[in-house]
Amino acid sequence: QQQQQQQQQQQQRQERPQPDAWSDSSLESISECYEESSGSSTRGGIDDKRSPSNAKPPHLELPSMDLRRVVPLCVMRLYLLGVGAANAVALARVAAGGTAFYVAMWLLFAAAAFVPAAVTVADWFMGLRERRGFIGVWSAMLVTMNARAYCWSQWASEGKWGWEQYEFAWPHAELCWYFAYAWTLVIFLQHLYIPMGLPASWRHTLGYVALWLNLGLAAVICFYHTSAEANEGADHLGFLRDESQGILPLLSLLMSETLHFLDTGDVHGCRALMLLPLLCWTVPKELYGADWLKVGLEHPMEQPSLAVTIWLVVLISVLHLATATELRIRSTSPLYKAEQEAAGTSTGLKARIKEGKMWLRTWRGANLVYLANGMFSLVGYWSSRHQLLNSMRGSLHDKYADGQGQWYTGEAIVGTTIYLSLACVIVAVLNFLEDGLLGNRRWCTLLPFDRHFRLLTLLKAALLWLKMELLIFTCQECDSPLSTGTMIFQIVSIGITCAVSVSSSVSLFSIARKIMAFESDYRRPRRLWETSLGCMVVITIVNSIMMISKLWGDESTLLQVLHRKGCVGIILWLGQTYYVPFLCLGNEATLFISSKASSPQVFAGVRSTRGVFAFSVLCAAKFPMEVLVNLVECQFLLPSYFSSLFLFSGTWVEPMFGYATALLIVLGLAGYLACGGDGVGLEGSLGETAKVLRKDSAETQQQFVRTATFTSSISGATWNQAV
């Protein structure tokens, strides 16, 4: 009998596949078995029963919808090549008439205009598919660039005070009017699709309706008060010139993600972006638009901002209904668990502290942190409201911009900060209510909640921006000085908000570098995590410098520079330009990493890469172009603006902002290429990082095989039972 058992065991060993001969599919099947076997774990508490770990990922729930392009891809690429080359030549021709500095600046504009054509030609020759998101966002920013270049140059030709520097650009810059509308045509032709049959479900019907609502809203932004009256002067480009920068790139990217949802059933790109246009539209209106709601009600044709807001709400509602998925919240399981923490055997106070830290990484714990931060901001800024307003009037309104707008009084900034803090509290409370009523599906469908913290991340980014505005533009030595207690409260509030916004992302990036499961998802995952972490570090360092400078009082060089330059400085673009894209990218990366870093899947982790792809496009396309477009306007208002940012012609403050911005541009582009560039780069070779991942993955395979073989030989079990 012993001889027969030995022969059977030897035969079983011979039938098992050797580690070196394993295929990737074999490893994936074993990993799936391991995940399914881990799904029965109850380490997360009783709430784990609410969402089985073997449930189908949300982005794979919906089938695809057959769509057909109205404009063939080859025609679209030829059009991009023609428009890009013509626009670059026209801008270079304008540069020929200026001084050395303006020649360099307009040549930079010409190079930016040729980027979509260069990317299209490169992908065409390499046989890659269309980079719909990147080209759409860059083209939308070129609309703003050409519109502003046209307006500024015409104003200079008319002798308008303060714009004489661009007088050399007229009449060559007149062609920029036509190129502004040529680039709007790129946005529309790129997203014109028709269905090949009846929609597969009502979700696809709503998704297609949302696509056309998006196209209609983009048409309003592009053609309102411009086409019919363009010959009467540059003032009639005002709506396109002023409003296209903040919302048109977001609408273009949202259309691209909507098409991806209809084509693949992946909902997370749409859900990651759909709230962003509304926030980036309403918050600046509340800050800089005097009584925009009242004017929109009384004169809707003269000021369509309220109508655009209502249109955005309808668009978001339709898109939400189309992409909403069933609940999958494991609210008491940790977001991730580091090896040293999992293996720890400490007791006493140290063990309780460790348990508390682990609980703060759960869905409930994160909501509690957001709720506490929102309550702290709400109570603090509400109680110090009058003192902040009096200080801001003495700092800005009375000195630099008396009677020039609502923003200079500070009332809009303080009020919006209070409203957004209240919104954070409400969202966190709704999340807790939804978690408590999870067993009652009727109530769950009625309560809105922020499952992936996307709305809370947007609110925190906006609050960080507004709090920094209040900290910088309040004074301690004016007629109504700011008390020391209020100043300390502001610094503490900003520090807490910054920590809440970036802490989980920074800690997870260090965990992600040890996980060898991203090779099929991103081109160079380690570089992606490193660039994302670098962006967080740069933003945190700049925030820390601004907070430390406030401690030195009004004599601080940083405060003096920003107060002297008023609303022209980079500080006013911290929100939608700096904080929103990079902080939201960190949140999407956190959600994706958590789906790999924990087993069973917790924290409503997102297995889809579309959120990371979408915000990497914003960091690589919208962010550098927005900086370049703002440079056009700031160069008019302050001729020394550019030289002070990079040539150290003034103080250390301007180069700090300038080189930090340049570093963020480089990191954003590197992150976009590392994640695969709209997913296009994943079709080619994976590079050196993939080799490292394959090597580490092979070592992990062999170690897992040796462990399973050893277990099998001791217990006498079969291979399948060992797994």
Side-chain angles (χ1 to χ4, degrees), residues 41-51 53 327-342 344 346 349-378 421 423-439 444 447-461 463-464 492-493 495-512 536 583-584 586-606:
S41 173
T42 58
R43 65 179 181 180
I46 58 174
D47 298 286
D48 291 354
K49 300 177 182 179
R50 302 174 182 176
S51 60
S53 62
L327 308 177
R328 280 187 181 84
I329 296 179
R330 198 182 302 276
S331 59
T332 58
S333 293
L335 166 62
Y336 63 92
K337 206 168 187 178
E339 294 180 1
Q340 63 272 17
E341 295 175 341
S346 59
L349 180 61
K350 187 176 181 180
R352 293 183 179 180
I353 294 176
K354 186 177 295 184
E355 290 177 0
K357 291 172 61 178
M358 292 297 294
W359 188 83
L360 289 177
R361 294 173 183 169
T362 64
W363 196 81
R364 290 184 184 179
N367 268 294
L368 181 62
V369 172
Y370 280 115
L371 177 61
N373 187 25
M375 288 294 298
F376 181 74
S377 300
L378 178 62
S421 300
C424 287
V425 173
I426 294 174
V427 173
V429 169
L430 287 176
N431 284 347
F432 276 118
L433 286 177
E434 191 281 331
D435 187 34
L437 299 173
L438 193 57
C444 289
L447 282 177
F449 73 106
D450 188 18
R451 187 196 328 173
H452 299 301
F453 296 143
R454 284 164 175 158
L455 177 56
L456 285 171
T457 302
L458 286 174
L459 293 175
K460 290 304 175 186
L463 277 173
L464 191 59
V492 171
S493 179
I496 294 176
T497 303
C498 187
V500 170
S501 302
V502 305
S503 59
S504 61
S505 300
V506 171
S507 58
L508 257 186
F509 289 150
S510 61
I511 301 296
M536 297 287 185
L583 294 183
C584 290
N587 180 65
E588 292 299 322
T590 301
L591 295 173
F592 179 78
I593 295 171
S594 68
S595 68
K596 303 281 187 177
S598 56
S599 180
Q601 185 177 342
V602 297
F603 201 71
V606 176

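FYI, side chains are in, hydrogens and waters are out, and symmetry mates aren't considered; it's all heavy atoms of this structure.
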query = How far does NZ of Lys460 sit from CG of Leu464, to the nearest 0.5 angstrom?
reply = 10.0 Å
task = Would you name the heavy atoms of Ser377 and Ser493 that are closest together and state the gap between them?
result = OG-OG, 3.5 Å
remark   = Value for CD (Glu588) from CG (Leu583), rounded to nearest 0.5 Å, stands at 12.0 Å
Steps toward side chain to side chain contact (heavy atoms under 4.5 Å, CB included) verdict (Leu371, Phe432) = CA-CA 10 Å; Leu371 177 61; Phe432 276 118; 4.0 Å; yes
key: Distance in Å, Cys498 SG paired with Leu463 CG, rounded so as to fall on 0.5 Å steps   = 12.5 Å
ask   = About how many Å separate CG of Asn587 and CG of Leu456, when rounded to the nearest 0.5 Å?
value = 9.0 Å
Interatomic distance, Thr457 atom OG1 to Leu591 atom CG [nearest 0.5 angstrom] = 7.5 Å
Distance in Å, Cys424 SG paired with Tyr370 OH, rounded so as to fall on 0.5 Å steps = 9.0 Å
task = Give a yes or no answer on whether the side chain of Asn431 reaches the backbone of Asn367 with a donor-acceptor pair at less than 3.5 Å.
result = no
